[in-house]
Undergrad: 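Shown below is the structure under consideration.
In what follows, chains carry the letters A, B, and so on, assigned in the order in which the sequence lines appear, proteins first and then strands, with residues in each chain numbered from 1. Model, not experiment: these values are computed from the prediction.
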There are 2 protein chains.
Amino acid sequence: MSNSKLYKGSLNTIILKLLNEHDKMYGYEITQKVKALTKGELKITEGALYPALHKLEAEGLLDVEVAKVDNRLRKYYKLTETGTKETVNKLEELAEYIKTMQALVNPKLV
Amino acid sequence: MSNSKLYKGSLNTIILKLLNEHDKMYGYEITQKVKALTKGELKITEGALYPALHKLEAEGLLDVEVAKVDNRLRKYYKLTETGTKETVNKLEELAEYIKTMQALVNPKLV
DNA sequence: AATATATACATAATTTTCTTATGTATAAGA
DNA sequence: TCTTATACATAAGAAAATTATGTATATATT
């Protein structure tokens, strides 16, 4: 994912937020979108992404729809209602995380 | 550590930064300091903290000094020179992480 | 005096999340 | 023809945490 270990635990937040923005996306598209948005800083590996998508689907946060484009398989994922609610939670947690870490590394400013 | 998984991977950064601020600290003191600075948001568990301290020491980032206070053992940790350099790296990584995540969750602002 | 809580360390089993490696298959470009 | 891009998947292993224990002393409460 990156040389930094801080991204551990962030993958679900990233997936959910992207699906919240783009309605429906397929796995490979997510990897490319993340690469583009972060200017190459962050690369989502397939070994991390696909199991994560399967798990989110199993938990009922994502719905999947299979399509065939140019004779190739695509699995489009979209948020369920529960998934949309969970996205809000994840984003709140991210904001809280950033606030907390800033309190720790920059105690004078907080 | 917290209900949020985002803290996974942040523990070393937190330890190094606190030691950078406070010169020398012992394990239990670190747990209390984190609790206080984050107003209870973040609780470092012993099962995470002590192995992390041992590893940082084994990697040469921390020096340890044992003391007896009130007939109880304390292990004071302090940054080595390498540890101080690594603290700078970790803080840069944290800043980069926050920047990257903001690009992902708030693409319009970036 | 007895009991609970706080201080202070430690580790072992398990879980979660990721990396690395590998596999299949089609399309497009050099 | 061969490499790169597209598109999925999983398995083995590593890393970092959780949860559960364990030891021991000091202090506060009942």
Undergrad: Select one nucleotide: of dC9(C), dA27(C), dA17(D), the one nearest the side-chain heavy atoms of N71(A).
TA: dA27(C)
Undergrad: Mind calculating the distance between CD (E46(B)) and C1' (dT11(C)) to the nearest angstrom?
TA: 11 Å
Undergrad: Which part of the nucleic acid does K43(A) contact within heavy-atom distance under 4.0 Å: base, sugar-phosphate only, or nothing?
TA: nothing
Undergrad: Whole angstroms only, please: what is the NZ-C1' distance between K5(B) and dA15(D)?
TA: 17 Å
Undergrad: Rounded to the Å, how far apart are E65(B) CD and dC9(C) C1'?
TA: 16 Å
Undergrad: Got a donor-acceptor pair under 3.5 Å from the side chain of K8(A) to the base of dT17(C)?
TA: yes
Undergrad: dA26(D) P sits how many Å from Y28(B) OH, rounded?
TA: 15 Å
Undergrad: Over how many whole Å does the gap from E57(A) atom CD to dA9(D) atom C1' extend?
TA: 14 Å
Undergrad: DNA chain D: Y77(A) or Q32(A), which has the more 5' nearest nucleotide?
TA: Q32(A)
Undergrad: Counting only side-chain heavy atoms from C-beta out, which of dT17(C), dC9(C), dA9(D) sits nearest to H54(A)?
TA: dA9(D)
Undergrad: Check whether the ring centres of Y7(A) and Y97(B) lie less than 6.0 Å apart, and answer yes or no.
TA: yes
Undergrad: Could you tell me whether K24(A) sits above the aromatic face of Y76(A), with NZ or CZ closer than 6.0 angstrom to the six-membered ring centre and within 45 degrees of the axis?
TA: yes
Undergrad: For the hydrophobic clusters of this structure (ILVMFWY residues joined by side-chain heavy atoms under 4.5 Å, transitively), does one cluster hold both L79(B) and V88(B)?
TA: no
Undergrad: From the set dA6(C), dT16(C), dC9(C), return the single nucleotide nearest to any side-chain atom of R72(B).
TA: dA6(C)
Undergrad: Using modelled atom types only, decide if a donor and an acceptor are shared between the side chain of S4(B) and the backbone of E93(A) within a distance under 3.5 Å.
TA: no
Undergrad: Y97(A) has an atom OH; how far is it from atom P of dA17(D), in whole Å?
TA: 11 Å
Undergrad: Looking for any heavy atom pair under 4.0 Å, which part of the strands does S10(A) touch: base, sugar-phosphate only, or nothing?
TA: sugar-phosphate
Undergrad: When you measure from the side chain of K75(B), which nucleotide among dA7(D), dA15(D), dA10(C) comes out closest?
TA: dA10(C)
Undergrad: Report yes if the side chains of K17(A) and L104(B) come closer than 4.5 Å at any heavy-atom pair, otherwise no.
TA: no
Undergrad: Pick base, sugar-phosphate or nothing for K68(B), based on heavy-atom distances below 4.0 Å to the nucleic acid.
TA: nothing
Undergrad: Taking the side chain of Y50(B) as its heavy atoms from C-beta onward, which of dT26(C), dT10(D), dT11(C) lies nearest to it?
TA: dT11(C)
Undergrad: Which is true for G47(A) with a 4.0 Å heavy-atom rule: it touches a base, it touches only sugar-phosphate, or it touches nothing?
TA: base
Undergrad: What is the distance, rounded to the nearest whole Å, between atom OH of Y7(B) and atom C1' of dC18(C)?
TA: 21 Å
Undergrad: Calculate the interatomic distance between I30(B) atom CD1 and dA10(C) atom P; express it in whole Å.
TA: 11 Å
